[in-house]
Number of protein chains: 2
Amino acid sequence: MYPLMVSEEAAAKRGRRRGAELESAILRAAQEELAESGYAGLTMDRVARRAGTNKNAIYRRWPNRAALAVAAYRRLATDRLPPPDTGELREDVLTLLRGVNCGPSSPQAEILRGLLAGIGDEPELLAQLHELAAEGGAGVWLTVVGRAVARGEAPPEALHPRVVTVAVALLRNEYITRGLSTVPDGVLVEIVDEVYLPLLRGRAPVR
Amino acid sequence: MYPLMVSEEAAAKRGRRRGAELESAILRAAQEELAESGYAGLTMDRVARRAGTNKNAIYRRWPNRAALAVAAYRRLATDRLPPPDTGELREDVLTLLRGVNCGPSSPQAEILRGLLAGIGDEPELLAQLHELAAEGGAGVWLTVVGRAVARGEAPPEALHPRVVTVAVALLRNEYITRGLSTVPDGVLVEIVDEVYLPLLRGRAPVR
DNA sequence: CGAATAAGGTACGAGATGTACCTTATAAAG
DNA sequence: CTTTATAAGGTACATCTCGTACCTTATTCG
């Protein structure tokens, strides 16, 4: 009877959703819009339509578009993999980088750029985003490098937050300035072999 | 007689500007808007008013807002300093970073973020921006590090484009993910002392 | 069952982009 | 000097989006 209906819209017809259920539907819709069209393509009307509701329901929960987008991005970004453990630092690092590069939220770069630009100056959202972007990670990286240190592949001085996150910082810089959603694998290898591993291994002998 | 008039508007009253003169006035206006309000604040109407003309004159020259903004950003970004030469690598590097951090286009981060987000997918603009962002610089950095190598402060292996630009890449990553326009000086020092100098100096002994 | 609460529907103001169309000044050619 | 092509100015407008307002309707809970 409703042939052109998206799942959420159909669901809406089976009674009126309230509270958490509706909130979750909105967030899921926003998340999908974000993944498909990036921040620029996320409009309140479209999210509302996709969730089978209307803008009011959204504005009752989030004060503006940026807040909704950040909330949706959290759900995109927080499903994360456990740190790899191949027994070799280089492989672990490449695996991690490749995970970030072609992760679950594919157009990472565009979304992130869009969000950062759209948020502008709201410090609360900025803080949330920083937490997600700047690290779902120091932890993971410390783990991986920590194991390498235990194996003797790197000196203990390597275990510095600024140092262990260099690889992902360079990767992020790469796709941010190039505007590509995905960086060629050769670039990852270059970052690892020319910068990251020499940095980790070389820190002790030098001083 | 026109007390509330901006200089450009006054100029407009002294005869009708054409061609290059008008184009330059538009670009200057856009550049000022960019520096004052970032990409989000750059609107076609305001640029037109500031330049003492109207939107038509702009759309006859640039196809859309993003193109105008990139053109304006070029003028902001291309007046660059000659590479410093203090005789010591660490000082040179810090000087360069500080120049980027508080350069002539103060809200660097916001402008860059906004542009990258606004450009979206137009590959031509993206390429122009990449050229500016990813390097007004390999050149400068190669120069500075090259002199350090000549002085024996670093091994020749350090002269790799990916390696010498690590510092500025980390800085950019920093203000992009933190959303700050200006990074505290302590962060610059940390990047230099914990990452950049160890990397440059340590490369040779390792292999 | 009745009232408070939350959802849906619709309309609208403000502000921006990009387009259309016409008028007017300037510069170059005859 | 006059004519004419070109480029600038002025204005209006269609479209889109955000965010707000106001009212109607369904659901839940006392």
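Here is the naming used below: chain letters follow the sequence lines, and residue numbers restart at 1 for every chain. Note that the coordinates shown come from a computational prediction; the quantities given were computed from them, not determined experimentally.
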Electrostatic pair E36(B)-R46(B), nearest N-O below 4.0 angstrom: no

Polar side-chain atom of T143(B) near backbone of G139(B) as donor-acceptor pair, under 3.5 Å: yes

Cation-pi, Y196(B) ring and R90(B) (6.0 angstrom, 45 degrees): no

Length of the line joining W62(A):CH2 and dC18(D):C1', which is rounded to integer Å: 17 Å

Spacing between N56(B) atom CG and dC21(C) atom P, to the nearest angstrom: 13 Å

Sole candidate of V192(B), D92(B), V187(B), L170(B) that passes side-chain contact (heavy atoms from CB on, under 4.5 Å) when paired with L97(B): V192(B)

Nearest-Å distance for atom pair CG/C1', residues D45(A) and dG8(C): 14 Å

Touch class at under 4.0 angstrom, heavy-atom based, for I58(B) against every strand present: nothing

Electrostatic pair R162(A):E190(B) at N-O distance under 4.0 angstrom: yes

N/O donor-acceptor pair, side chain R60(A) with base dG8(C), under 3.5 angstrom: yes

Exam field: side chain R75(A) to backbone A71(A), donor-acceptor pair closer than 3.5 Å: no

Closest to side chain of K55(A), choosing from dG8(C), dG9(D), dT20(D): dT20(D)

Nucleotide dT25(D), atom P - distance to CZ of R16(A) in whole Å: 10 Å

Touch class at under 4.0 angstrom, heavy-atom based, for R61(A) against every strand present: sugar-phosphate

Distance in Å, I119(B) CD1 paired with L129(B) CG, rounded so as to fall on 0.5 Å steps: 4.5 Å

Gap between atoms CZ and P, on R46(A) and dC16(D) respectively (whole Å): 12 Å

Between C1' of dA6(C) and CD of E23(A), the distance in whole Å: 13 Å

Separation of atom CE in M44(A) from atom C1' in dT20(D), rounded to whole Å: 12 Å

Contacting residues from residues 64-72 of chain A, given that a heavy atom lies under 4.0 angstrom of DNA chain C: none

R18(A) side-chain N/O to dA4(C) phosphate OP1/OP2 under 4.0 Å: no

Sugar-phosphate, base or nothing in reach of I26(A), heavy atoms under 4.0 Å: nothing

Integer-rounded Å distance: dT27(D) P and L22(A) CG: 13 Å

Residue closer to the 5' end of DNA chain D, T43(A) versus A20(B) (nearest nucleotide): A20(B)

